[in-house]
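Here is the structure we will look at.
Labels below follow one simple rule: chain letters A, B, ... track the order of the sequence lines, proteins then strands, and each chain is numbered from 1.
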Amino acid sequence: MAKNLVIVESPAKAKTIEGFLGNEFTVKSCMGHIADLSKKGLGVDIQNGFIPQYIISPEKKKIVNELKRLAQDSEIVWLASDEDREGEAIAWHLFETLGLEEQKTHRIAFHEITKSAIQEAIKTPRQIDQNLVNAQQARRVLDRLVGFELSPLLWKKIKPALSAGRVQSVAVRLIVEREEEIRNFQSTSSFRITGDFKVKTGNKTSIIRAELNKRFQLKEEALAFIDKCRKAGYVIEEVETKPAKKSPAPPFTTSTLQQEASRKLGFSVANTMRIAQELYESGKITYMRTDSVNLSGMALSMAHKEIASSFGENYVKIRKFTTRTKGAQEAHEAIRPTFAGDKTIEGDRSRKRLYELIWKRTIASQMADAELEKTTVTIGISNAEEKFIAKGEVIRFDGFLKVYLESKDEEEQNGEEGTLPPLNTGDQPVLAEMNAQQKFTQQPFRYTEATLVKKLEELGIGRPSTYAPTISTIQKREYVVKEDRPGVSRDYTLITLKDDQITESIKSENTGYEKAKLFPTDVGVLVNNFLMRHFTNILDYNFTANVEEDFDDIAEGKKVWNEMIRQFYGPFHEQIEKTLETSGKVSGEKSLGKEPKSGNNVYVKIGRYGPMVQIGDTDSDTKPRFASLKKGQSIETISLQEALDLFKLPRTLGSTGEGEEVVVSTGRFGPYIRYQSAFYSLPKTDDPLEVTLARALEIIHEKQQLDNQKTLHEFKEGTTIIRVLNGRYGAYISCNKENYKIPKGKDAKTLTLKDCQEIIANTEPSKSKSKKKK
DNA sequence: CAGTGAGCGAGCTTCCGCTTGACTT
């Protein structure tokens, strides 16, 4: 038995470190937090100084028991969780839970997984920093109080199973407000003038494109200008050449990796994290949940060597990047390849692509600046004040551009500049063509998952480990949806001057096309409005930044943690109580008009199961009728006619010879046909409002035939039916809605009734997802 | 996997931040 037990957070890390330390050391991982607040009630004793009620997380019990056993047999236990707030709390929970003794416990930390860093850490152990632990307790308790008091309020006032929290509610707010900006956006247009000029250099003629330094609001102004230009001459008044340089972006953090993988590879943030995890576990990259842009000395020298040997020493420039992110804790290195010499790796396509992205970004970050030459040419017009400006760019030294250039988000994009031929002041270019194109101002951009992460990080909200889960939570709660939306065609005016002829034409362009963008739902808007009205302070974009300052004070011992919580909780809880009393149920109800044939009122609102239409009032003699809105419909935009159309289902199509009714309706999973108490999904090509009895029977027949192919055997035994079915993972036995695996060595095709009964008697039914709850 | 929406009320839902499970219907 080793004399020393080292506990780190991640198993992959444990494996690496074990190799660095001698056989006197056993290295184990605790897999993150081992204890958390109890989920029964608030998990916080509010009456007695907000004392947290911790329990060992059920899924960690096994690990804790093993660590307990190992700790008892060790002379020294080294708590090597990350050096940040959460890591300190993990160390403290380990200390408490494993029943460690102070003399035999050392707290150590390292920011990079290298042999020297770890040996250095072992030489400088310290005690657990209780102030830092208290800062974490304050963070944890605050989040619990906010989440577990706001959410139940929403259940009472809006609908069940909703949620709210310090992070997710702000994420939803950003999306709701962006959508409002877009709805209120008024597009204006102006005319942009470009001129294509013929220039002679030596005996070669080339064309350069220049843009007028003025835009015209009105078509008439643009026309008048162009008309004037028919008689004009042009002269190059100035050629200005300036050197410029471009520098590489810093190495990846979690947030920038998610952004760049989204822009360059089209990955969702969850996908990026899943693949990065695989790369980490197989030892290809360093830890993927980090807010640091720092690279270890070893990484820098590896990068140096790689760049020098691939591109030459003049391409090397070792740089130290500093983090500017709010609240960064920098417990890890930046995300980088473990071995800079591995340009690529084995593995599937997306793993390879993500790895290469990380490799390029890391290498480029240690390469020389690119040196450019920017040229601006000013062309004067003989009969007008305005000037045409042509811009060009030449790369004199490519530097890091040889490897990698960071992509830009939509809002940052502007036109690329090409090269210009050599030009001289006094040259007289000849106009080949001039265009005035009507340009519209661009509406604000909707968030993608990745640009939302970027925004959250700017606001200091959320952590590398929570960006991806937060994005999926707000989608799971159906506050926002990620969707593609087709664009609309828009006409614009184009005026062209060519061969002394002015022509005017109307062209059309596609605008507003959206791919994988985040849109708020009706429920998202309603919940946001409710929270904004009653809990403005929690939804404030600066709320997190403000409480983080308090946490910092606690960490430095300048504030008492539960005193800070008490000051927050008093007014917060009062606001909860007040809202419970004063606010009625909120449904976002909107009147659409009246149903023509009955004269009853038609409403749209949020009900228990989401957005719905209601015909008739609840206090009238007849019961109102209800129908859910379809996917893609919204309270905001639905018309009276669309609302009434929702009541055309269910439709009875008719009956078959056996007197069984065929009914078409729509459910949670789309339109379906019901016949003999069985369900048949309607193909997308069929409209449930139009489908005929004949067509429905055809669909039923097709499905039945498909099922027959699926069924290998069918045995009837009294009332129970035993089937041998072909599933996605091979053949299995189905009986009384339970499924049974067929043992290896038996051929499904030759199974008899007796065989099946034996299998059923001897095997546990497979767990089905639908009934894992007690 | 598929009918819901008034009322009655039991019993359920929920936070953020650390980390990887599991074995497929």
Side-chain angles (χ1 to χ4, degrees), chain A residues 8-13 29-37 39 42-43 57 59-60 62-63 81-82 84-87 89-90 93 136 139-155 159-169 277 280-281 287 289 331 461-467 469-470 473 477 544 587 605-614 616-620 623-628 649-650 663 665-674 678-682 725-732 734 738-741 765-770 773-774:
Chain A
V8 295
E9 294 184 36
S10 138
K13 205 170 169 177
S29 65
C30 66
M31 310 264 199
H33 277 294
I34 54 159
D36 192 16
L37 299 177
K39 281 195 171 189
L42 280 180
S57 309
E59 73 274 17
K60 299 289 166 60
K62 231 176 106 182
I63 295 165
S81 45
D82 297 345
D84 58 15
R85 207 160 59 200
E86 300 297 327
I90 289 172
H93 281 134
Q136 193 274 346
R139 199 280 304 155
R140 181 68 192 92
V141 168
L142 178 105
D143 281 336
R144 169 55 67 87
L145 293 175
V146 169
F148 274 38
E149 294 215 348
L150 277 184
S151 302
L153 182 66
L154 296 180
W155 306 341
K159 77 188 194 85
L162 294 176
S163 68
R166 174 177 59 83
V167 173
Q168 59 168 285
S169 296
Q277 175 91 28
Y280 168 66
E281 282 172 8
Y287 197 57
R289 290 187 277 262
I461 299 173
R463 303 277 312 132
S465 66
T466 60
Y467 295 136
T470 301
T473 297
R477 298 271 173 276
T544 290
S587 70
K605 63 178 181 182
I606 305 284
R608 248 171 82 69
Y609 306 101
M612 62 165 182
V613 181
Q614 175 183 334
D617 292 272
T618 45
D619 51 8
S620 76
K623 213 178 123 180
R625 290 145 62 219
F626 303 93
S628 285
L649 293 176
V663 178
S665 187
T666 188
R668 215 147 69 84
F669 308 102
Y672 65 91
I673 299 160
R674 198 176 63 229
F679 298 92
Y680 304 86
S681 284
L682 210 61
L725 299 171
N726 242 333
R728 263 201 302 162
Y729 306 99
Y732 65 98
S734 159
E738 298 275 22
N739 296 323
Y740 301 85
K741 258 184 168 169
S766 308
K767 276 167 260 167
S768 76
K769 266 190 184 166
S770 54
K773 281 176 206 158
K774 276 187 190 172

Next item on the list: Identify which nucleotide among dC16(B), dG5(B), dA2(B) has an atom closest to any side-chain atom of Asp143(A), counting heavy atoms from C-beta outward.
Entry: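 Given the options dC16(B), dG5(B), dA2(B), the side chain of Asp143(A) is closest to dC16(B).
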
Detail all sub-3.5 Å separations between protein N/O atoms and N/O atoms belonging to nucleotides 18-21 of chain B.
| from | atom 1 | to | atom 2 | distance (Å) |
| --- | --- | --- | --- | --- |
| dC18(B) | OP1 | Arg463(A) | NE | 3.3 |
| dC18(B) | OP2 | Ser465(A) | OG | 2.7 |
| dC18(B) | O3' | Glu9(A) | OE1 | 3.2 |
| dC18(B) | O2 | His33(A) | N | 2.6 |
| dT19(B) | OP1 | Tyr287(A) | OH | 2.4 |
| dT19(B) | OP2 | Tyr287(A) | OH | 2.6 |
| dT19(B) | OP2 | Arg289(A) | NE | 3.0 |
| dT19(B) | O5' | Tyr287(A) | OH | 3.1 |
| dT19(B) | O4' | Gly32(A) | N | 3.4 |
| dT20(B) | OP1 | Ser10(A) | OG | 2.8 |
| dT20(B) | OP2 | Gln277(A) | NE2 | 3.2 |
| dT20(B) | OP2 | Arg289(A) | NH2 | 2.8 |

Any side-chain heavy-atom pair from [X] and [Y] closer than 4.5 angstrom?
| X | Y | answer |
| --- | --- | --- |
| Gln614(A) | Arg625(A) | no |
| Lys159(A) | Arg608(A) | no |
| Arg140(A) | Arg85(A) | no |
| Lys60(A) | Cys30(A) | no |

[X] has an atom [atom1]; how far is it from atom [atom2] of [N], in whole Å?
| X | N | atom1 | atom2 | result |
| --- | --- | --- | --- | --- |
| Ile461(A) | dC15(B) | CD1 | P | 16 Å |
| His93(A) | dG17(B) | NE2 | C1' | 12 Å |
| Ile606(A) | dG5(B) | CD1 | P | 17 Å |
| Arg140(A) | dC15(B) | CZ | C1' | 6 Å |
| Phe679(A) | dG3(B) | CZ | C1' | 8 Å |

Base, sugar-phosphate, or nothing: which does [X] touch, judged by heavy atoms less than 4.0 Å apart?
| X | value |
| --- | --- |
| Arg139(A) | base |
| Arg166(A) | sugar-phosphate |
| Val146(A) | nothing |
| Gly87(A) | nothing |
| Ser628(A) | base |
| Ser587(A) | nothing |
| Gly610(A) | base |

Item checked: Ser665(A) and Arg674(A) side chains, donor-acceptor separation under 3.5 Å ->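 Side chains of Arg674(A) and Ser665(A): no pair found under 3.5 Å.
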
Next item on the list: With side chain to side chain contact (heavy atoms under 4.5 Å, CB included) as the test, would you mind laying out the steps for Met612(A) and Lys605(A) before giving the verdict?
Entry: CA-CA 6 Å; Met612(A) 62 165 182; Lys605(A) 63 178 181 182; 3.4 Å; yes

Margin query: So, using side-chain contact (heavy atoms from CB on, under 4.5 Å) as the criterion, who are the partners of Arg477(A) when residues are at least two apart?
Written below: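 Counting only residues at least two positions away or on another chain, Arg477(A) forms a side-chain contact (heavy atoms from CB on, under 4.5 Å) with Ser163(A), Thr473(A), Tyr479(A).
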
Next item on the list: Toss me the dot-bracket line for DNA chain B: Watson-Crick and G-U wobble, both under 3.5 Å, 5' to 3', using | for pairs to another strand and [ ] for crossers.
Entry: .........................

Next item on the list: Take Asp82(A) and Lys13(A) through the salt bridge (Lys or Arg N to Asp or Glu O under 4.0 Å) test and state the conclusion after the steps.
Entry: CA-CA 11 Å; Asp82(A) 297 345; Lys13(A) 205 170 169 177; 3.0 Å; yes

Notebook entry, point to check: What residues form a ring pair (Phe, Tyr, Trp, His ring centres under 6.0 Å) with Tyr609(A), not counting sequence neighbours?
Noted result: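 With sequence neighbours excluded, Tyr609(A) shows a ring pair (Phe, Tyr, Trp, His ring centres under 6.0 Å) to no residue whatsoever.
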
Notebook entry, point to check: Reading nucleotides 7-14 of chain B from the 5' end, what letters show protein touch, with B for base, S for backbone sugar-phosphate only, - for no heavy atom under 4.0 Å?
Noted result: ------BB

Check: With no angle test and no hydrogens, is the base of dA2(B) tied to the side chain of Ser665(A) by a donor-acceptor pair under 3.5 Å?
Finding: no

Next item on the list: Give a yes or no on whether the backbone of Ala164(A) and the side-chain of Ser151(A) come within a donor-acceptor separation of less than 3.5 Å.
Entry: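 Yes.
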
Next item on the list: For Thr470(A), enumerate each residue passing the side chain to side chain donor-acceptor pair (under 3.5 Å) test, keeping only those at least two apart in sequence or located in another chain.
Entry: none

Check: Looking at Phe148(A) and Leu42(A), what are the two nearest heavy atoms and their distance?
Finding: CB-CD2, 3.6 Å

